[in-house]
Amino acid sequence: MAGTNDQRGIFTGADALTDNVALSQWFNETRRVLHAAALELGVTASELDARLRAISGGVIVGGLTARARARQVAKPITHASDALVVASQYIVTASTRFEAVYMPELEAVGHRPRKTDFRFTDGSGR
């Protein structure tokens, strides 16, 4: 709506920066969206590369094979996929840093860090 103060974007909800719970949800949702988009772009690049290679059936155009021409088209999509993976990793980094540097405030409101179920044992079941 024109004229409203709603600051929504693709990755920013209006409530994303109001409290720690909303911020954690924003971190998780943004990471999930970026990861899914990266996977989709990776699959698209692979499928496009395979389809474009099959088009010319070995014909060389401008000194380039079908494989080289297909790679020229699909490679930027692969790079975009890789960039989204990196973006997702940075969101995870921001989330863990938020918890690390604001732990006193988070503990004051009852937040408990997530515990991992993984542990080392001596094999005796202890």
Side-chain angles (χ1 to χ4, degrees):
M1 289 183 186
T4 65
N5 289 331
D6 191 7
Q7 298 295 317
R8 290 186 187 266
I10 293 174
F11 297 108
T12 56
D15 299 329
L17 303 176
T18 59
D19 61 41
N20 62 300
V21 173
L23 184 57
S24 290
Q25 289 172 345
W26 179 85
F27 282 136
N28 289 331
E29 183 64 17
T30 300
R31 182 209 48 80
R32 187 189 66 73
V33 167
L34 289 170
H35 181 73
L39 289 174
E40 187 174 328
L41 285 175
V43 169
T44 299
S46 295
E47 288 179 356
L48 183 61
D49 185 59
R51 290 179 186 199
L52 292 176
R53 285 181 189 200
I55 287 176
S56 65
V59 175
I60 296 177
V61 177
L64 298 173
T65 64
R67 181 179 184 156
R69 292 186 300 141
R71 191 177 323 120
Q72 283 183 339
V73 174
K75 192 150 192 127
I77 300 169
T78 302
H79 287 310
S81 174
D82 294 343
L84 289 180
V85 169
V86 172
S88 177
Q89 291 168 342
Y90 275 114
I91 294 298
V92 171
T93 299
S95 176
T96 56
R97 285 185 184 173
F98 170 73
E99 281 197 16
V101 300
Y102 287 97
M103 190 52 69
E105 290 90 341
L106 290 169
E107 286 175 341
V109 294
H111 173 78
R112 289 189 176 33
R114 191 174 7 166
K115 293 191 181 194
T116 178
D117 291 334
F118 182 84
R119 64 176 194 226
F120 290 98
T121 63
D122 62 6
S124 66
R126 290 186 253 159

Visitor: Is Ile77 linked to Leu39 within one hydrophobic cluster, defined over Ile, Leu, Val, Met, Phe, Trp and Tyr using a side-chain heavy-atom separation of less than 4.5 Å?
Guide: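 In one cluster: no.
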Visitor: Between Ile91 and Phe27, which heavy-atom pair has the shortest distance, and what is it?
Guide: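 Residues Ile91 and Phe27, closest heavy atoms: CG2-O, 3.4 Å.
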Visitor: Taking the side chain from Thr96 and the backbone from Val92, do they hold a donor-acceptor pair closer than 3.5 Å?
Guide: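 Yes.
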Visitor: Quick check for you: to the nearest 0.5 Å, what is the distance between Leu84 atom CG and His79 atom NE2?
Guide: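 That separation rounds to 13.5 Å.
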Visitor: To the closest 0.5 Å, what do you measure between CG (Asp49) and OG1 (Thr44)?
Guide: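 Nearest 0.5 Å value for the CG-OG1 distance: 12.0 Å.
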Visitor: Within a strict 4.5 Å, meaning less than it, do heavy atoms of the Arg71 and Leu52 side chains meet?
Guide: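 A side-chain contact is absent here, since even the closest heavy-atom pair is not under 4.5 Å.
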Visitor: Applying the 4.5 Å side-chain criterion to the ILVMFWY set and letting contacts propagate, would Leu48 and Leu41 be lumped into a single cluster?
Guide: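 Yes, Leu48 connects to Leu41 through the hydrophobic network.
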Visitor: Rounded to the nearest 0.5 Å, what separation is found between the CZ atom of Arg67 and the CD atom of Gln72?
Guide: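 If I round to the nearest 0.5 Å, the distance is 13.5 Å.
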Visitor: Has the side chain of Ser81 got a donor or acceptor atom that lies under 3.5 Å from a matching backbone atom of Ala38?
Guide: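 At least one qualifying donor-acceptor pair exists.
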Visitor: Take Asn20 and Tyr102 through the side chain to side chain contact (heavy atoms under 4.5 Å, CB included) test and state the conclusion after the steps.
Guide: CA-CA 10 Å; Asn20 62 300; Tyr102 287 97; over 6 Å; no
Visitor: So, taking the atom named CZ in Arg31 and the one named CG in Asn28, what distance separates them when rounded to the nearest 0.5 Å?
Guide: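 If I round to the nearest 0.5 Å, the distance is 6.0 Å.
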Visitor: Taking all non-hydrogen atoms of both residues, which atom of Leu64 and which atom of Arg69 are closest, and how far apart?
Guide: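 Smallest heavy-atom distance, with atoms named: CB-CG, 3.6 Å.
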Visitor: Can you tell me how far apart CG (Leu23) and OG1 (Thr30) are? Round to the nearest 0.5 Å.
Guide: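 Atom-to-atom, Leu23:CG and Thr30:OG1 are 9.5 Å apart.
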Visitor: Quick one: closest heavy-atom pair of Thr78 and Ala45, and the distance?
Guide: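 Answer, listing the atom of Thr78 first, then Ala45: OG1-CB, 3.3 Å.
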Visitor: Tell me, do Gln25 and Val21 make a side-chain contact under 4.5 Å, heavy atoms counted?
Guide: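 Counting from C-beta outward, Gln25 and Val21 do come under 4.5 Å.
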Visitor: What distance do Leu106 atom CG and Ser24 atom OG have between them, rounded to the nearest 0.5 Å?
Guide: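 The CG atom of Leu106 sits 7.5 Å away from the OG atom of Ser24.
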Visitor: Can you give me the closest heavy-atom contact between Arg53 and Ala66, atom names plus distance?
Guide: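 Looking at all heavy atoms of both residues, the closest pair is O-CB, 3.5 Å.
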